[in-house]
2 protein chains.
Amino acid sequence: MAKKRRSAARQTRHKTSVACLRRLPAYLQMLRSLQNEGREYVSSNVLAGVHHLEPVIVRKDLAATGIVGTPRLGFRIKELIAAIEHFIGWDHRTKGVLVGCGNLGSALLGHRRFNTLGLEIVGAFDHDERKVGRLIHGLPVMPMTKLAKFVRTRNVTLGLLTIPASSARDTASYMVRSGIRGIWNFAPVKLDMPDDVIVQKEDLAEGLAVLVHHMSHKAAASSRNLN
Amino acid sequence: MAKKRRSAARQTRHKTSVACLRRLPAYLQMLRSLQNEGREYVSSNVLAGVHHLEPVIVRKDLAATGIVGTPRLGFRIKELIAAIEHFIGWDHRTKGVLVGCGNLGSALLGHRRFNTLGLEIVGAFDHDERKVGRLIHGLPVMPMTKLAKFVRTRNVTLGLLTIPASSARDTASYMVRSGIRGIWNFAPVKLDMPDDVIVQKEDLAEGLAVLVHHMSHKAAASSRNLN
DNA sequence: TAGATTGTTAATCGATTAACAATC
DNA sequence: TAGATTGTTAATCGATTAACAATC
């Protein structure tokens, strides 16, 4: 029986699928609000309501975090929150610097939700000297020349890249040379980085393409019936 | 032979995968810059460089748009751009209204790249009366009470939802009652909508979870070798 | 105990990759 | 023609779903 139990935890060794990782934050959000309501246990069935998921998918995802539930009761919410946070890496704060204080960059600097997501933006940088010194949501914009020292003394590992496509590649290299190990890339450019640097690309165009295609297609589908 | 040719175009009828749709914008971006360089043809091999893709994936994706290439030459860039834009629905402007002029909303209002992506935000709205009347990136913020009439007279089909989670659901319903057919949802909430309304959810937490997990895991992987 | 819910194994589905014939 | 590149069919892979035994 003890052997059985360990097997669930061992799943952690399987390479976790990106699909699973992307679903975990939604569970977390729901779990927190259930916890605020004073509930103690939750079933995979309830959690599945967070999107349009099958309960068995939820159980598979949760198993990946090493958590074990109780038949008839479900999962202990408190335990589950801790397990998911630990699994993602949100149980400790990750410090990040933001490079590129334009529209999007400024918005991210003011994004309070990051507090809930284990991310703390501790420094803002920009190439543009005219922006240097300004306060954006309480953070002073610093010149790029101070990046390397800042990253080292503050022990920052993550960088948010929010500059135009043209200079994104050079800036990213500079960030990595400064000690950054992971880049959240909001520029519409593919970054070629050494293997030990993690890059996560974020591109609004992707979601918009899916949305607009579905909208045009839905319209097409109904008018096609006229044939 | 003519029959063979038509079969490629016929692929359009297959339900297109979301994965494919998400890749198309990146091809488009590269195609445009190749066109600016004056090139006329491109191979699937070159396009594959846009991410870390296999050329055969690119050919499959392009086939979904109905385009047909030429052996040895590749694809005519001009034709290909038109085909992708048409397929996604970016060959005609989609008009959108933005609801929620906070940090993120303001940033999106100033996001010039949407011009390239067939999206034109023609109106900005907010619940907060104090924001009404302000100009954000040239657009005046309007009160929610004017939404329905605006949507109808301007023939707007798309809505960008950038308000806090708490009121997102109610606001979304109101948008749909006002005539909106598609919602680009930036609030961390699942929206339950009638089947004929398309919802595309955008959640930064997903990408961040993937990034942070990979970063922690990479670190764990190297330190694990010490055992 | 009976019943609800978990965890696991097997089946299905769809997307990616491999292999290769067609063709300019 | 020879060779590069396309388009297609078959094989592989991985994720989702179905089925069900385990268990509180």
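Proteins come first, then strands; the chains are lettered A, B, ... in the order of their sequence lines, and each starts at number 1. Values below: every heavy atom of this structure, side chains too, minus hydrogens, waters and symmetry copies.
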Next on the checklist: Using a strict threshold of under 4.0 Å (side-chain N to carboxylate O), is an ion pair present between Arg59(A) and Asp61(A)?
Outcome noted: no
Item to check | Arg181(B)-Thr157(B) side chain donor-acceptor pair, cut-off 3.5 Å | outcome: no
Next on the checklist: If the threshold is 4.0 Å, N to carboxylate O, is there a salt bridge linking Asp203(B) and Arg113(A)?
Outcome noted: yes
Next on the checklist: Here's a test of your reading of the structure: between Ile57(A) and Leu73(A), which maps to the more 5' nucleotide of DNA chain D?
Outcome noted: Ile57(A)
Checklist entry - Can you check the Arg22(A) CZ to dA15(D) P distance for me, whole Å? => result 14 Å
Item to check | First encountered from the 5' end of DNA chain D, between Arg72(B) and Thr70(A) | outcome: Arg72(B)
Checklist entry - Parallel, tilted or perpendicular for Phe186(A) and Trp184(A), by the 30°/60° rule? => result tilted
Checklist entry - In whole angstroms, how far is the P atom of dT6(D) from the CG atom of Asn45(B)? => result 8 Å
Next on the checklist: Distance check needed: dG14(C) P versus Leu21(B) CG, whole Å only.
Outcome noted: 16 Å
Checklist entry - Could Glu85(B) and Arg32(B) be called an ion pair, given the rule that one side-chain N must be under 4.0 Å from one carboxylate O? => result yes
Checklist outcome for this item: Leu47(A) atom CG is separated from dT5(C) atom P, nearest whole Å, by 13 Å
Item to check | Strand partner of dT23(D), provided both Watson-Crick or wobble distances fall under 3.5 Å | outcome: dA4(C)
Checklist entry - Glu54(A) CD to dG7(C) P: how many Å, rounded? => result 17 Å
Checklist entry - Whole-Å distance between dA15(C) P and Leu53(B) CG? => result 15 Å
Item to check | Phe75(B) side-chain proximity, nearest of dG7(D), dT8(D), dT16(D) | outcome: dG7(D)
Checklist outcome for this item: The Watson-Crick or G-U wobble partner of dT16(C), with both key distances under 3.5 Å, is dA11(D)
Next on the checklist: I want to check one thing: is the phosphate of dT17(D), taken as OP1 and OP2, less than 4.0 Å away from some side-chain N or O of Arg59(A)?
Outcome noted: no
Checklist entry - Considering only dC24(C), dT5(C), dT16(D), which nucleotide approaches the side chain of Arg23(A) most closely? => result dT16(D)
Next on the checklist: Rounded to whole Å, please give me the gap between CD1 in Ile67(B) and C1' in dT5(D).
Outcome noted: 16 Å
Item to check | Selection from dA18(D), dT8(D), dT6(C) that lies nearest to any side-chain heavy atom of Lys60(B) | outcome: dT8(D)
Checklist entry - Rounded to the Å, how far apart are Leu62(B) CG and dT16(C) P? => result 14 Å
Checklist entry - Toward the 5' end of DNA chain C, which comes first, Ser43(A) or Val18(B), by nearest nucleotide? => result Ser43(A)
